[in-house]
Amino acid sequence: VAYAAQMLPFRSSMGFPLEIMLNRLSGGEIALGFAVASAWIVAFGLLYRLGWRIGLRRYQAVGG
């Protein structure tokens, strides 16, 4: 459960920067944290693009 909690976006956005400032992480843990945060940014970016395309296709206004 602890490993799954570390992979959630909440830790990447709130806990991870705080742990870096408090100097509680090793170099490997910092690299893993940045990799996880980057993966969440990419995942949410792809979900945003998919939602935008579906929304435009569904709610596109026609005419004038």
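Treat the numbers as computed from the prediction; the structure is a model and nothing was measured. Count residues from 1 along the sequence.
- Nearest heavy atoms, Val36 versus Met7: CG2-SD, 3.5 Å.
- Looking at heavy atoms from C-beta onward, Trp40 lies out of side-chain contact with Ser13 at the 4.5 angstrom threshold.
- Distance CG/Asn23 to CD1/Ile30: 7.5 Å, rounded to 0.5 Å.
- Applying the salt bridge (charged side-chain N to carboxylate O under 4.0 Å, His left out) rule to pairs touching residues 11-30 yields Arg11-Glu19, sequence neighbours excluded.
- Considering every non-hydrogen atom in both Pro17 and Ser12, the closest pair reads CD-O, 3.6 Å.
- For residues 5-25, the ring pair (Phe, Tyr, Trp, His ring centres under 6.0 Å) pairs, not counting sequence neighbours, are Phe16-Phe34.
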